[in-house]
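Following: one structure in structure tokens, then a few remarks.
Note that the structure is predicted; figures quoted are calculated from it, not measured. Residue numbers count from 1 along this sequence.
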Amino acid sequence: MPQQRHVFLYALIACVGLVAMALYFQHVKGLEPCPLCIFQRVAVIATGVVMLLGFVHNPFSHFGRAVYGALTVLSAGTGLAIAGRQVWLQHLPADQVPECGPGLDYMLEVFPLQDVVEKVLRGSGECAEVQWVFLGLSMPEWMLGVFGAFVLLGLYLMLVRD
């Protein structure tokens, strides 16, 4: 197994890079994130926090690595599900796309958190809009691959022994 500390560090750098790219697209390119995009950012940040803790802790036991692996699977798996939901929304026929809803800021001010999460995960019209494409894939489609890679990394940390 590669030195585990390096694995945590490289994954942390990837998470920081992903958040930086998201902020670049938002503040420089002017692409406003939809609520599902914001939830995906939270999943990337959560995965990054797990990687930071793993880097700082540097567990030597298989159990310690397995705990960080499970936390990685949990955070990245959540992001994978959210990205999958957005990809599904983006591929709906135009007549089946839900109507646009209120912004996330407004919902957080007005509704209880549980209702906000439910409404966001149902998705809305702005989440179905494709604003950016690279090599034929939209941003959520790219994030499916990224979160899938993080889930595989978490499984690797959980299952591989020295």
Side-chain angles (χ1 to χ4, degrees), residues 7-8 10-54 66-158:
V7 171
F8 289 120
Y10 297 145
L12 172 62
I13 291 169
C15 290
V16 169
L18 288 165
V19 172
M21 282 179 54
L23 293 173
Y24 169 79
F25 280 115
Q26 180 178 355
H27 296 291
V28 176
K29 293 292 186 179
L31 300 179
E32 282 301 313
C34 73
L36 285 175
C37 292
I38 293 170
F39 276 31
Q40 288 173 62
R41 284 186 194 181
V42 171
V44 169
I45 292 167
T47 303
V49 168
V50 171
M51 293 300 114
L52 175 63
L53 292 173
V67 168
Y68 287 111
L71 292 172
T72 301
V73 169
L74 178 66
S75 62
T78 300
L80 184 70
I82 295 167
R85 176 72 174 166
Q86 188 169 5
V87 168
W88 178 78
L89 284 169
Q90 288 182 341
H91 287 89
L92 282 175
D95 63 329
Q96 294 181 13
V97 172
E99 292 184 23
C100 291
L104 185 59
D105 291 336
Y106 174 79
M107 287 192 289
L108 286 169
E109 288 177 18
V110 175
F111 300 112
L113 185 59
Q114 182 179 350
D115 291 349
V116 172
V117 171
E118 282 180 32
K119 289 178 188 312
V120 169
L121 292 180
R122 265 192 241 124
S124 63
E126 71 262 30
C127 293
E129 183 183 338
V130 177
Q131 297 183 11
W132 180 87
V133 175
F134 180 67
L135 298 177
L137 298 174
S138 68
M139 211 172 288
E141 289 170 330
W142 280 104
M143 290 309 296
L144 270 176
V146 168
F147 284 124
F150 280 128
V151 167
L152 290 175
L153 173 62
L155 292 172
Y156 174 80
L157 290 170
M158 288 171 61

Item to check | Least distance between heavy atoms, Met158 atom then Gly69 atom | outcome: CG-C, 3.5 Å
Item to check | Flag side-chain contact, heavy atom, 4.5 Å: Gln40 against Gln86 | outcome: yes
Checklist outcome for this item: From the list Ile82, Leu80, Leu152, side-chain contact (heavy atoms from CB on, under 4.5 Å) partner of Phe147 resolves to Leu80
Checklist entry - Looking at Gly77 and Val151, what are the two nearest heavy atoms and their distance? => result N-CG2, 3.6 Å
Checklist entry - Between Ser138 and Gln90, what is the shortest heavy-atom contact and its length? => result OG-OE1, 2.8 Å
Checklist outcome for this item: Shortest non-hydrogen pair, Thr47 vs Ser75, comes out as OG1-OG, 2.9 Å
Next on the checklist: Working to the nearest 0.5 angstrom, can you tell me the gap between Cys37 SG and Met143 CE?
Outcome noted: 9.5 Å
Check: residues 12-19 side-chain donor-acceptor pairs under 3.5 Å, at least two apart:
none

Next on the checklist: Quick one, Val44 with Phe150, criterion side-chain contact (heavy atoms from CB on, under 4.5 Å). Give me CA distance, side-chain angles, the key distance, then yes/no.
Outcome noted: CA-CA 10 Å; Val44 169; Phe150 280 128; 5.7 Å; no
Next on the checklist: I want to check something: taking the side chain as every heavy atom from C-beta on, are Phe8 and Leu157 in contact at a cut-off of under 4.5 Å?
Outcome noted: yes
Checklist entry - Say you draw a straight line from CG of Leu53 to CG of Leu71; how long is it, rounded to the nearest 0.5 Å? => result 8.5 Å
Checklist entry - Looking at NE2 of His27 and CD of Glu32, how far apart are the two atoms once the value is rounded to the nearest 0.5 Å? => result 8.0 Å
Next on the checklist: Side chains of Met139 and Phe25, heavy atoms from C-beta outward: is any pair under 4.5 Å?
Outcome noted: yes
Item to check | Nearest heavy-atom neighbours spanning Met51 and Ala11 | outcome: SD-CB, 3.3 Å
Checklist entry - Can you find a pair of side-chain heavy atoms, one from Leu23 and one from Arg41, that are under 4.5 Å apart? => result yes
